[in-house]
Amino acid sequence: MVAEACARSGRSPEAVRLVGVTKTVGPSAVPALLEAGVREFGENRWQHARELLEAPGAGDAVWHFIGHLQSNKAKYVVRHFDWIHSVDSLALAQEISRQAIRYGRTVQVLIQVNVSGEETKSGIPPEEAIPLLRETASLPGLALRGLMTMAPKTEDPERVRPVFARLRELLAEARHELGDPGLTELSMGMSDDFPIAVEEGATLIRVGRLLMGT
Ligand SMILES: *Cc1c(COP(=O)(O)O)cnc(C)c1O
C-alpha cells in the first residue's frame, strides 16, 4: 500500500519510512515485527515502552517517541529513543537538550503542530512553528529534523489532505527561513490515512492498528 501511494505521487518508496506503532502489543511482538522487516518502532507512553525496550532484538530497532512527553519523563525517553516527534514547547526542548548532553546522545527532534486546530489535539498552532524552530535550533544534543501532525478523525479521508498539505508547506517555509537543509522530515499519516499522507509528502508514517491487527 505504501508502494502504491508512492507510485501515484511519483515518489521513491525509500523516501517513506514505516514506524510500527506498538502501543497495543506486548514485548513478544518486537521479534516478530523485526522478522517481518519492520525496523522502526513508535511508542506514545514511556510506561509501556520500557517493557518493549527489553524485548529480544529491541536494541536493533530505531525507537520513535510519538506521544505527549512530560518534562519529568524526558530523562528516560532521551536515553532510550532515537527520535522524539512530539516537541511542543521550548521548555521541553531545553530539557531534552540537557538530558541528551548528560547521556552523550543526539536526539532527532520533530515539532508537533496542531494544524487542524482541534482543541483535543496536542501540538502548537502553525504560526508558532517557525518561532519555536528558531528558538530550538541552537540547542546542543538535539538535531531538528522537521514537523509532525495528527489529522482529524473523520470518515472522509479527503478531509485530511489539506492538513497534510499545510504541514508540507510549513516545512518548506521553515527550511527556507532557517536556511537549514536538515529540516526534511514530515511525520504524518496513520492506519486510516497514510496513503494520503504519502501523496502529500510524508517521510515517516506511524502505523499501528493496520500492522498489529486489532
Ligand atoms: C496510536 C498512534 C498512531 C497509530 O495509529 P493507528 O490508527 O493505530 O495506525 C500514530 N501516531 C500516534 C501519535 C499515535 O498515538
Side-chain angles (χ1 to χ4, degrees), residues 1-5 16-27 29-30 32-33 36-53 61-70 73-74 76-77 80-89 92 96 107-126 129 145-161 163-164 166-168 170-171 185-214:
M1 282 166 91
V2 177
E4 289 161 18
V16 184
R17 285 162 34 219
L18 171 67
V19 177
V21 178
T22 45
K23 67 187 179 197
T24 58
V25 296
V30 170
L33 285 162
V38 179
R39 283 286 168 276
E40 315 209 27
F41 294 100
E43 275 288 330
N44 67 339
R45 284 181 26 243
W46 166 247
Q47 284 302 333
H48 187 259
R50 60 193 299 174
E51 288 174 39
L52 269 73
L53 285 160
V62 176
W63 288 87
H64 298 254
F65 194 84
I66 61 175
H68 182 67
L69 179 56
Q70 289 166 299
K73 297 275 165 35
Y76 309 119
V77 168
H80 295 279
F81 283 77
D82 306 287
W83 290 70
I84 299 176
H85 293 219
S86 44
V87 173
D88 58 0
S89 71
L92 177 59
I96 291 169
V107 185
Q108 312 296 308
V109 159
L110 306 176
I111 303 291
Q112 182 171 355
V113 184
N114 182 356
V115 176
S116 62
E118 289 170 285
E119 276 176 25
T120 53
K121 291 254 186 314
S122 25
I124 57 168
R145 300 303 308 280
L147 304 173
M148 180 272 227
T149 200
M150 286 178 76
K153 235 189 156 22
T154 162
E155 293 296 303
D156 175 9
E158 288 302 325
R159 269 194 53 206
V160 304
R161 189 182 293 281
V163 171
F164 295 148
R166 177 82 183 93
L167 198 72
R168 169 171 39 82
L170 198 54
L171 183 70
E185 305 300 318
L186 285 171
S187 169
M188 55 190 198
M190 323 199 316
S191 292
D192 290 334
D193 53 26
F194 74 85
I196 297 176
V198 168
E199 288 171 21
E200 294 301 328
T203 61
L204 293 157
I205 55 174
R206 313 177 307 267
V207 180
R209 282 167 301 140
L210 196 66
L211 209 57
M212 311 299 155
T214 34

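Whatever order the structure lists them in is the order used to number ligands and atoms, beginning at 1.
- In this structure, the salt bridge (charged side-chain N to carboxylate O under 4.0 Å, His left out) partners of Arg161, at least two apart in sequence or on a different chain, are Glu158, Glu199, Glu200.
- In summary, the side chains of Glu185 and Thr203 do present a donor paired with an acceptor at a separation below 3.5 Å, with no hydrogens or angles considered.
- Within 4.0 Å of ligand 1, the residues that place a heavy atom are Val21, Lys23, Asn44, Ile66, Met150, Met190, Ser191, Arg206, Val207, Gly208, Arg209, listed by chain and number.
- Phe41 pairs by the ring-ring contact (aromatic ring centres under 6.0 Å, His included) definition with Trp63, not counting sequence neighbours.
- Under the 3.5 Å distance criterion, the side-chain polar atoms of His48 are matched with a main-chain donor or acceptor of Val25.
- Checked by atom type, the side-chain pair His85/Ser187 shows a donor-acceptor distance below 3.5 Å.
- For Thr24, the side-chain contact (heavy atoms from CB on, under 4.5 Å) test picks out Met212, with sequence neighbours left out.
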